[in-house]
Each structure stands twice: as structure tokens, then as C-alpha cells.
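Reading through the C-alpha cells given below for one structure.
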Amino acid sequence: MSNNWTDIVRQSALETQDPVLPADDFAQLEKAWGAHRRRKLAAWIGCTSAGAFAVMAAVAVIMWPKADVGGVMVAQNAEDSIIPEPVVLVEDADAGEMMAKTPSDGQAFIRNVFAEEQTAAPQDFVILQDEEKPLITEQAVEKTDDEVAPDKLENVQITYPEPQLMDIVTVKPKRKARFALSASGSISNSIVRNSAPQVVLAPAVVKLSRNFAAESSPQQENKPVSYAHMPLPFEFGLNLSWDAMDNLQLATGLQYTLLISNCGMPDMSFEQQRVHYLGIPLTASYIHHFGRYFSMYAGGGCLVEKCIYANRGNQRLYEKGLQFAISASAGAQVDIGRHFGLFAEPQFRYYLTKSEFTTRRSTSPFCVGINLGLRLKI
Amino acid sequence: MQYQEQELAHRCAKGDRQARKELYTLYSARLYGLCLRYCTDAEKARDLLHDSFIKVYDKIGCFQYRGDGSLYSWMARLTIGICVDEIRRHSKLNLVDIDDGPDIADEPSAEIVREIPGHKIRELIDTLPPVRRTVFNLHYIDGLPHKEIAAILGIQERSSTSMAAKARNSLALMIKELIDRQDE
């Protein structure tokens with residue numbers, strides 16, 4: 001037995017019976033543990049998505065093609081040319097050199113000859129130009145495939161009955177649209193058995209803020225909702241998309257969501273609850289073009305939302321934290337002219353965090369919706 | 001025991017709900033007592049207990065068995081860290097102990113202290129200022145060396161020694177006053 005008084009204090013402090021924990025304490029702990037895991041998953045997905053987005057953006061920046069790659073010239077082989085195939089010359093304006101595109105091995109030879117004598121035409125091929133009727137016009141290029149990189153023009157073959165030795169003709173390739181602004185509106189529905197509009201018997205509790213609670217009567221705190229009638233949510237978004245690569249599009253922007261719930265209160269009164277969210281989506285899509293005017297795409301991403309305003313009747317409600325969701329979508333776009341496109345985009349979304357409000361989302365985290373919008377290509 | 005602790009930790013790490021409940025049943029009362037010593041408010045202590053268990057569930061994959069009771073010791077360390085963080089976050093732990101406190105008080109004898117009921121001693125400890133209570137708990141109750149306390153609190157080792165001495169003096173004085181009142 002210790003004779004030090006602090007040891008006795010220690011023994012007494014450790015052996016003193018502590019207050020008993022409530023019976024439902026483990027259930028509450030499990031609930032907190034579940035919420036913690038969801039938050040952790042959401043943070044992991046958010047960080048991973050942001051990381052993937054940053055990597056894709058970095059790769060896209062590195063692979064960003066030069067704005068003006070150069071001109072395209074078509075030449076016809078001379079009669080005694082050692083180059084059997086048709087030749088297309090591509091001028092790299094930035095590098096100040098000529099590239100001859102031909103399936104044969106004559107490329108280097110042509111480049112060397114041309115580099116030495118810029119003003120004279122090489123002997124093995126002649127450059128064609130008709131001043132009255134330019135050899136390579138925009139139409140001529142379009143006819144082949146003007147939207148692809150110049151190096152794909154290697155099989156262009158334009159023949160003239162009497163080839164003439166001419167000056168170099170340079171045609172700037174048309175710039176490809178890289179950015180697009182889109183505005184879309186959508187309606188979405190939680191996947192539940194009942195068809196919309198939905199009525200739920202909601203035992204959910206809406207927590208009122210401390211500020212509000214201070215202003216209101218004590219009875220109004222934690223006011224339960226007996227039932228709620230919930231029309232379909234409305235969303236509106238403004239997005240900026242970027243063709244990072246030929247088939248890869250990255251998009252982000254702002255998305256506004258309005259969730260309305262008509263709540264029946266226990267005292268038989270009726271109040272409308274309106275929750276406004278502002279979110280930032282991050283998506284990556286794979287696009288496949290079917291001809292010039294039609295394309296389809298599929299992709300996925302994530303969405304982070306923050307409640308910017310909420311009220312029920314005259315009462316202001318608050319929600320702490322952010323809402324995280326992951327989404328997958330597939331869409332089709334029809335281009336109207338060079339700069340506009342109409343798109344329809346069915347979308348599935350899964351909310352990783354649960355809203356504190358009695359809304360359509362609180363009935364099921366899994367939502368399906370359709371985005372309809374207009375895209376302006378810059 | 002070794003098998004029990006390791007097996008329980010392993011099952012918890014695998015996400016077994018039953019194992020989590022078992023862990024909670026075994027250790028929640030002791031850890032709750034620990035939280036109550038650092039944070040005197042019962043509701044707050046319960047929140048801290050939940051935070052501790054969440055951290056335990058999260059990190060239990062890192063637990064290494066080092067003899068009987070090592071699971072509790074490991075959990076207690078995590079809980080102490082959470083309690084100290086909470087106290088620090090709410091600025092209750094002003095680490096500059098301005099008040100010099102009483103001089104070396106006449107220390108009570110072990111026999112006298114043994115006669116005081118445990119809950120009374122707990123009450124006396126609870127009345128210590130937060131900084132002294134925390135250091136007293138860390139050193140005299142949980143048995144942490146001053147070097148480790150200094151690391152936890154982000155202070156110098158000699159400051160920890162000084163604070164512990166002041167806390168000890170304060171408690172000795174309070175015990176003496178309590179005994180005097182009882183004698184009257």
C-alpha cells in the first residue's frame with residue numbers, strides 16, 4: 001500500500017463510480033460513426049475528383065495544340081519526281097519550317113530541299129496555285145476534313161490539267177472550338193416507389209439555428225414536420241466546358257437548386273419550406289462525334305453544394321456543412337450552326353451527405369433527372 | 001486476454017458492428033470517467049467519448065498489442081489527446097499559469113486522504129483551474145511523464161513540472177481545508 005497521498009488521490013479518482021451512460025448511447029455513437037464515414041467518403045471522393053481534374057487539366061495544358069499550326073499547301077509531283085505519292089506541305093509558322101507530309105520516305109528530302117531554297121520550288125514536286133481560282137480554298141479544305149489536324153490531310157489530291165509552278169499558298173486551318181458555355185435547366189426526382197409529386201409522413205426534425213431560436217419561442221425549436229408534400233426540384237446551371245483533348249471534355253460552373261416542401265405541422269398548420277442550394281459541379285466526359293452536327297457523350301463527376309438560403313414560412317432555417325454528391329450522365333448534342341448546340345442529358349446522382357431538411361432528397365439519396373440546355377461554342 | 005484484445009481489434013478493423021459494440025461495452029465506462037476528469041460537464045464529456053470512439057474505430061487498424069491492457073492504454077491515449085485538444089480549442093487552457101498559487105502547503109498524510117470519499121476527491125480535483133486540473137490529471141492520475149505532457153500541451157518540460165507542483169499544492173490546501181471543516 002502506497003504512503004504517498006497523491007497515490008491515494010489517484011486510486012480514489014480512478015475507482016470512483018462514474019455516471020452511467022444512457023442506454024441508447026451506443027446507438028447514437030453508431031449514428032455519429034455512420035455520419036463520420038459518409039463525410040470521410042465524401043471528402044475522399046472530392047479530393048480524388050479534384051486531383052483527377054487537376055491532373056487532366058495539367059495534361060490538357062501540356063498537350064494544348066498551338067493556336068496556329070501553320071498553312072497547308074498542296075503540291076503535285078513533278079513528272080520525274082522520285083516521290084510517288086501526292087504531297088501536302090504543312091508550314092509550321094511558329095517554328096518557321098516546312099513539313100512535307102507524304103506516306104513515303106521522301107519527307108526529309110523534301111524538307112531539306114525546301115529549307116535550302118525557300119524561293120524556288122523543289123524539283124521533285126511543284127506547288128500549285130491558280131490566282132483566279134485559289135487552289136486551296138476554305139471550301140476545298142472543308143470538303144476533305146477541315147476539323148482535323150493538318151497532318152491528316154496527307155491524302156488530299158487535287159489535280160489540275162496543266163500544273164504550273166506557283167508561289168506558296170498558305171491556308172490557315174480553322175481554329176477548333178475549345179470552350180463552350182452552356183445554360184441548362186433540369187428537373188430531377190428521387191428514386192422512390194411513389195410517383196411525383198410526393199407526400200411523405202416525415203418524422204424528420206428541422207433544427208432551427210441558434211440565432212433564430214433566440215428570437216423565437218422555445219416551443220418552436222426542433223419543430224417536427226408531420227408530413228410533407230414535395231414538388232419536383234428545379235435546377236439551373238451555368239457551365240463552362242473545355243475540350244481538353246479531342247474526345248475529352250472537362251466542365252465546371254455554378255448550379256442553383258430550389259427544393260420546395262409543403263410541410264404540414266403537428267398543429268394542423270401548413271407552411272411552405274424553400275431551400276436554395278448553390279453548387280459547383282466538376283465533370284469529365286468522353287465525347288464521340290457522329291458527323292458534323294451530332295455528338296454523344298458520357299461522363300461522371302461530383303457536385304458540392306451549400307445551402308445559401310432556407311426558410312419555412314417566416315422562419316429562417318440553416319444547414320451546416322456542405323452537401324456532396326457523385327453523378328453519372330450521358331447526353332446527346334445537336335449543333336445548330338457553328339456556334340450553338342442543343343443538348344439533352346439524363347443524369348443520375350447519388351448524395352453522399354444527408355440534408356438536415358425535409359426535402360425530396362431526404363427521402364432517397366439517389367436521384368435521376370434530365371438536363372436540357374443550350375451550349376454556346378467559343 | 002491477448003487473443004481477446006487482438007481479435008477484438010481485428011474484428012473492429014474489419015468493420016464488424018458486433019465487435020464495435022463489444023469494444024464499447026468493455027471500455028466506454030472507463031473512458032467516460034476519463035473524459036469527465038478532463039471535462040467536468042457530463043454532456044460535453046459524452047460528446048468527447050463519442051469523438052474518441054470514432055477516432056478509435058478509425059485508427060484501430062494501427063493498434064499493436066503490447067501486453068495485457070494495451071488496448072485500453074492505446075484508447076486512453078487517444079481519448080486524452082481529444083480531451084486536451086477540446087480544452088485547448090475552447091481556450092480554457094491558458095497555458096500561462098499567471099497565478100503563482102500557494103507556497104508549499106503542508107501535505108496531507110496518506111491516512112487522512114484515504115478517509116475522504118472518492119467522489120469528494122473528484123470534486124476537489126474538478127475545482128482546480130483548468131490548466132492545473134489538466135496537468136494534474138495527466139501527471140498524477142494518468143501517469144504521463146512531464147516530457148510527454150510538455151509534448152501534448154506544447155509547453156516546456158519545466159513548465160509542466162511547475163504546473164503539476166502548483167496543482168499538487170492547491171489540492172493539498174483544499175484537502176486540508178476540507179479536513180478542517182470536517183473537524184469543526
Side-chain angles (χ1 to χ4, degrees), chain A residues 1-48 205 207-211 213-214 218 221-222 318-322 324 352-354 356 365, chain B residues 12 15 17 20-25 28-37 42-43 45-47 49-58 106-126 136-137 139-143 164 167-168 171-172 174-176:
Chain A
M1 187 177 286
S2 173
N3 287 323
N4 190 338
W5 70 274
T6 52
D7 289 341
I8 310 299
V9 167
R10 178 175 187 269
Q11 203 177 342
S12 299
L14 292 176
E15 287 175 0
T16 306
Q17 189 73 34
D18 291 311
V20 181
L21 287 159
D24 67 337
D25 193 55
F26 180 70
Q28 289 187 24
L29 172 62
E30 281 290 288
K31 204 174 163 186
W33 169 239
H36 169 77
R37 290 195 67 181
R38 278 195 297 277
R39 273 198 303 275
K40 205 173 163 186
L41 179 66
W44 185 85
I45 289 173
C47 290
T48 309
V205 170
K207 286 185 182 172
L208 303 178
S209 75
R210 284 180 193 163
N211 294 341
E221 288 186 40
N222 298 332
Y318 295 87
E319 185 180 55
K320 283 182 184 172
L322 300 169
F324 293 93
L352 300 162
T353 43
K354 192 170 181 180
E356 290 178 21
Chain B
C12 281
R17 186 182 185 277
R20 287 202 301 272
K21 189 168 187 177
E22 217 171 300
L23 193 75
Y24 174 85
T25 312
S28 61
R30 287 168 74 187
L31 291 177
Y32 183 46
L34 190 151
C35 293
L36 273 172
R37 279 193 283 110
E43 196 58 34
R46 217 174 122 214
D47 287 345
L49 178 74
H50 284 192
D51 290 347
S52 306
F53 266 99
I54 285 170
K55 193 164 184 182
V56 165
Y57 292 159
D58 231 2
D106 291 337
E107 298 210 335
S109 67
E111 286 70 29
I112 291 174
V113 175
R114 200 171 282 126
E115 287 170 10
I116 303 171
H119 71 273
K120 272 285 175 196
I121 289 180
R122 280 280 286 267
E123 281 174 19
L124 292 177
I125 295 172
D126 288 350
F136 188 86
N137 272 317
H139 184 66
Y140 289 107
I141 310 291
D142 294 312
R168 182 184 167 125
L171 190 65
M174 284 191 279
I175 289 173
K176 195 167 176 291

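Chain identifiers are assigned alphabetically (A, B, ...) following the order of the sequence lines, protein sequences preceding nucleic acid strands; residue numbering begins at 1 within each chain. What you see is a predicted model, and the numbers here were worked out from it, not measured in a lab.
- Ring orientation note: the planes of A:Phe26 and B:Tyr24 are tilted relative to one another, at an angle of 30° to 60°.
- Looking at heavy atoms from C-beta onward, A:Leu29 lies in side-chain contact with B:Tyr57 at the 4.5 angstrom threshold.
- When side chains are defined from C-beta on, A:Val9 does not count as touching B:Arg122, because their heavy atoms never get closer than 4.5 Å.
- Only the side chain of A:Glu30 comes within less than 4.5 Å of a heavy atom of chain B; its backbone N, CA, C and O stay farther away.
- For the pair B:Ser28 and A:Leu21, the minimum side-chain heavy-atom distance is below 4.5 Å.
- Proximity to chain A (any heavy atom under 4.5 Å) is restricted, for B:Ile175, to the side chain, taken from C-beta onward.
- At a threshold of 4.5 Å between non-hydrogen side-chain atoms, the residues A:Ser12 and B:Lys120 do not count as touching.
- In this structure, a donor-acceptor pair under 3.5 Å is absent between the side chains of B:Arg114 and A:Gln11.
- With a 4.5 angstrom heavy-atom cutoff, B:Leu49 touches chain A only via side-chain atoms.
- At a threshold of 4.0 Å, the pair B:Asp58-A:Arg37 does not count as salt-bridged, since none of the basic side-chain nitrogens sits closer than that to a carboxylate oxygen.
- With chain A as partner, the option from B:Ile141, B:Ile125, B:Ile121 having the largest number of non-hydrogen pairs under 4.5 angstrom is B:Ile141.
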Legend entry - Verdict with supporting geometry, A:Trp5 and B:Leu171, side chain to side chain contact (heavy atoms under 4.5 Å, CB included): CA-CA 11 Å; A:Trp5 70 274; B:Leu171 190 65; 4.0 Å; yes

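- Counting heavy atoms from C-beta on, the side chains of A:Asp25 and B:His50 come closer than 4.5 Å.
- Only the side chain of B:Arg37 has a heavy atom closer than 4.5 Å to any heavy atom of chain A.
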